[in-house]
Amino acid sequence: MTTPNSFAHNAYSAALQSAYAHLADGEESGAVVNVAGRVMLLRTQGKLAFATMRDSTGEIQLFALAALTGEFEEFAKLHLGDWVGITGEVVRTKRGELSVKVASWVRLAEALHNFGDKWAGISDFDLRYRHREADLWANPVSRRSLSRRSEMLRSVRERCWAANFMEVETPMLNAIPTGAAARPFRTHHNALDSELFLRIAPELWLKRLVVGGFERVFELGRVFRNEGLSPRHNPEFTMLELYAAYWDYRDMMSFVEELVSGVAIDVLGTTETEYQGRAFSFAAPWPRRTMASLVSEALGEDVSVHTSLEHLTQLLTERDVEVHPSWGPGRCLAELFEATCEQDLWDPVFVTEYPVEVSPLARRHAEDPELTERFESYAAGRELSNGFSELIDPVDQRSRFEQQARLAAAGDDEAMQIDEDYIKALEWGLPPTAGLGIGMDRLAMLIADEPSIREVIAFPTLKPLRD
RNA sequence: GCGCCGGUAGCUCAAUUGGCAGAGCAUUUGACUCUUAAUCAACAGGUUCCGGGUUCAAGUCCCGGCCGGCGCACCA
């Protein structure tokens, strides 16, 4: 089958629907347009045929008549899913449907597979994820969710640019995977004959750019973590990381709540929405609660990073959390938080004052050296963002890395490695700086009201098919 | 990685206690000059995910494998 290499397209369905909304039933506009799209439905009726055609903006009816339409017999045999280019007059049928009355037409592509039941669509997860192209045609919710993700990314960029942040790119292939606690993917560079890792975070590179004098930078990009899959985890996911010189973590919290609530307004038009059937509000400001106060509230007794290790261990054991011998009070407090509080945080909230033990890159708190100026925001029971006043002291940074190295030696395969280049960068002087990471996929889940991360990733990671 | 659940026509789904594998849509053919998931008629469409086993008889029961969903673990 031969099809043309191009089509002189000049009109979109949504624009026609609004431009000719005034057209009365049975009225003809006199305007001839070239539209193109996919045949979604076809209703033939003897010497008439009606098709519903969809393009990227919406749908419009095609109205073909044996007396007018060229190659009418062939038009009436189009397959659902075929791409067509149409030339014809914009009219409204007697029954009130805005239509393009087909004078001439051409098939632009043939669909050799169908797009599922025309009423039920495609629901099989395997088929939807492995062939998203079919899912997108069959299921309007899939189109809406991925569109919202795109609008979210646009809004995030525009708001970062508006706040004078500069978009930068840093290496994805790293000799040392660092900037977060996670297992990496390994690869190998042939010419250099060296082992490389896909990045688990761009954090250290971005701070080196701040050392270099770029006072506000952000990177919106993919990171890779060799961890399990779940409705909330994909091995590759998109993160916004952002650094601002002269800010501390409080300034960054203000920025985060403004950014996220602003994105909700840009995409949804409101901060008041629903997530999975339950009311959810993006509205700023978000409450700021210290980790110790939340855990104390949940336990009904005052605990903190200064509570004895023995007592914290006992509290964890009572909750069936296995305590690793390398854990100190800080790690225990963080584990208690996860066990007792995390899943109950619904509307966005900042959890602050993380123990230094679980925050190897964060600056010590001005009032308590066992704590850091760090926050994480939680929404719908899961972590949404992570940020802190950055540790700028190269001596302290080295000792933190050494602590991580001890954890690694004790069997923690997600502990960070010592990055000498990064320490040297700090020795050139990092000004007081606050940093932020936000998981874009999880934000997209909230904005699109989707229960699974796979629904907001066009092509989620799946197990390859084998015999 | 572990547990629970699922996989039947291209798609969406039925199939009673283990007893002839079905429907709608799509496809094919025919009818129809204002349809809206058009309607009507007819034809065709199957390795019941794969491989073993039990049985007179397996979509159904048992064992192993593949893929998916959810939960746990890991993590964001």
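In the text below, chain A, chain B and the rest are named by the order of the sequence lines, each starting its count at 1.
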(request) Return the nucleotide paired to B:rU8: Watson-Crick means purine N1 to pyrimidine N3 with N6-O4 or O6-N4, wobble means G-U with N1-O2 and O6-N3, both under 3.5 Å. (result) none

(message) Looking only at the side chain of A:D126 (C-beta and beyond, no hydrogens), which of the listed nucleotides B:rC11, B:rA76, B:rG68 gets closest?
(response) B:rG68

(request) Take A:L41 and A:R183, find for each the nucleotide of RNA chain B with the closest heavy atom, and name the residue whose nucleotide sits nearer the 5' end. (result) A:L41

(request) Quote, to the nearest angstrom, the C1' distance that separates B:rG7 from B:rG46. (result) 15 Å

(request) Would you kindly give the CG-to-P distance between A:D124 and B:rG7, to the nearest whole Å? (result) 11 Å

(message) Can you confirm whether A:F185 is buried at CZ, in the sense that more than 12 heavy atoms of other residues, nucleotides or ligands lie under 6.0 Å from that atom?
(response) yes

(request) Between A:T461 and A:E338, just flag the one whose closest nucleotide in RNA chain B comes earlier from the 5' side. (result) A:T461

(request) Provide the distance between the two P atoms, one in B:rG19 and one in B:rA58, to the nearest whole Å. (result) 11 Å

(request) Please measure how far the C1' atom in B:rU54 lies from the corresponding atom in B:rC62, and state the result in whole Å. (result) 7 Å

(message) Counting only Watson-Crick pairs (N1-N3 plus N6-O4 or O6-N4) and G-U wobbles (N1-O2, O6-N3), all under 3.5 Å, who is the partner of B:rA44?
(response) none

(request) Give none if B:rU39 has no partner; otherwise give the nucleotide forming a Watson-Crick or G-U wobble pair with it, both distances under 3.5 Å. (result) B:rA31

(request) Could you check whether A:G439 gets within reach of a base, just the sugar-phosphate, or nothing at all, counting any heavy atom under 4.0 Å? (result) nothing

(request) Determine the Euclidean distance between corresponding P atoms of B:rA37 and B:rG18; express it in Å to zero decimal places. (result) 42 Å

(request) Sticking with atom P, work out how far B:rG45 lies from B:rA21, rounded to a whole angstrom. (result) 15 Å

(request) Would you mind classifying the nucleic acid contact of A:G121 as base, sugar-phosphate or nothing, using non-hydrogen atoms under 4.0 angstrom? (result) sugar-phosphate

(message) In whole Å, I'd like the distance from the CZ atom of A:F50 to the P atom of B:rU36.
(response) 9 Å

(message) Tell me whether A:R186 forms a cation-pi arrangement with A:F197, defined as NZ or CZ under 6.0 Å from the six-membered ring centre and within 45 degrees of its axis.
(response) no

(request) Please work out if A:Y129 contacts a base, only the sugar-phosphate, or nothing of the nucleic acid, heavy-atom cut-off 4.0 Å. (result) sugar-phosphate

(request) With a 3.5 angstrom cut-off on both distances, give the Watson-Crick or G-U wobble partner of B:rC61, or none if there isn't one. (result) B:rG53

(request) Could you state the atom-to-atom distance from CD1 of A:I200 to P of B:rC74 in whole Å? (result) 17 Å

(request) Can you establish whether the number of heavy atoms outside A:R154 located under 6.0 Å from its atom CZ is more than 12? (result) no

(request) Provide the distance between the two C1' atoms, one in B:rC61 and one in B:rU48, to the nearest whole Å. (result) 15 Å

(message) For a quick test of reading the model: is some side-chain N or O of A:T52 closer than 4.0 Å to OP1 or OP2 of B:rU36?
(response) no

(message) Regarding A:R130, tell me which of base, sugar-phosphate or nothing describes its non-hydrogen contacts under 4.0 Å with the strands shown.
(response) sugar-phosphate

(request) Please work out if A:Q61 contacts a base, only the sugar-phosphate, or nothing of the nucleic acid, heavy-atom cut-off 4.0 Å. (result) base

(request) Starting from the C-alpha separation in whole Å, work towards a yes-or-no answer on side chain to side chain contact (heavy atoms under 4.5 Å, CB included) for A:L259 and A:L240. (result) CA-CA 11 Å; A:L259 175 68; A:L240 170 69; 3.8 Å; yes

(request) Assess whether atom CD of A:E322 is packed by more than 12 heavy atoms of other residues, nucleotides or ligands within 6.0 Å. (result) no

(message) For residues 39-65 of chain A, which residue pairs pass the ring-ring contact (aromatic ring centres under 6.0 Å, His included) check, not counting sequence neighbours?
(response) A:F50-A:F63

(message) Whole angstroms only, please: what is the CG-P distance between A:L127 and B:rU12?
(response) 7 Å

(request) Among the candidates B:rG71, B:rU36, B:rA76, find the nucleotide nearest to the side-chain atoms of A:R225. (result) B:rA76

(request) Just name whichever nucleotide pairs with B:rC13, Watson-Crick or G-U, keeping both distances under 3.5 Å, else none. (result) B:rG22

(message) Which heavy atom of A:S261 sits nearest to which heavy atom of A:F282, and what is that distance?
(response) CB-O, 3.2 Å

(request) Select one nucleotide: of B:rC34, B:rU12, B:rA38, the one nearest the side-chain heavy atoms of A:S123. (result) B:rU12

(message) Against the six-membered ring of A:F459, is A:R132 placed for a cation-pi contact (under 6.0 Å from the centre, within 45° of the normal)?
(response) no

(message) What's the gap between B:rG71 and B:rG65 when it is taken at their P atoms, as a whole Å value?
(response) 24 Å

(message) Nearest whole Å is fine: how far is B:rA76 P from A:L345 CG?
(response) 16 Å

(message) Walk along nucleotides 22-33 of chain B from 5' to 3' and tag each nucleotide B, S or - by protein heavy-atom contact under 4.0 Å, base first, then sugar-phosphate.
(response) --BBSSS---BB

(message) Whole angstroms only, please: what is the NZ-C1' distance between A:K463 and B:rG1?
(response) 10 Å

(request) Could you please spell out the steps behind the ring pair (Phe, Tyr, Trp, His ring centres under 6.0 Å) verdict for A:F255 and A:W247? (result) CA-CA 10 Å; A:F255 181 82; A:W247 287 9; 5.6 Å; yes

(request) Measure the distance from CG on A:D25 to C1' on B:rU36 and round it to the nearest whole Å. (result) 14 Å

(message) Does A:P460 reach a base, just sugar-phosphate, or nothing at all? Heavy atoms under 4.0 Å.
(response) nothing

(message) Taking pairing as Watson-Crick or G-U wobble with both contacts under 3.5 Å, can you name the mate of B:rG1, or confirm there isn't one?
(response) B:rC72

Could you list the donor-acceptor pairs under 3.5 angstrom formed between side-chain atoms of residues 71-83 of chain A and any protein atom two or more places apart in sequence or on another chain?
residue, atom, partner, partner atom, Å
A:D82, OD1, A:A111, N, 2.8
A:D82, OD2, A:H79, N, 3.0
A:D82, OD2, A:R107, NH1, 2.9

(request) Check the distance between B:rC70's P and A:I453's CD1 and give it to me in whole angstrom. (result) 12 Å

(message) Regarding A:E97, tell me which of base, sugar-phosphate or nothing describes its non-hydrogen contacts under 4.0 Å with the strands shown.
(response) base

(message) So A:R454, base contact, sugar-phosphate only, or nothing? Heavy-atom distance under 4.0 Å.
(response) sugar-phosphate

(request) Would you mind classifying the nucleic acid contact of A:A66 as base, sugar-phosphate or nothing, using non-hydrogen atoms under 4.0 angstrom? (result) nothing

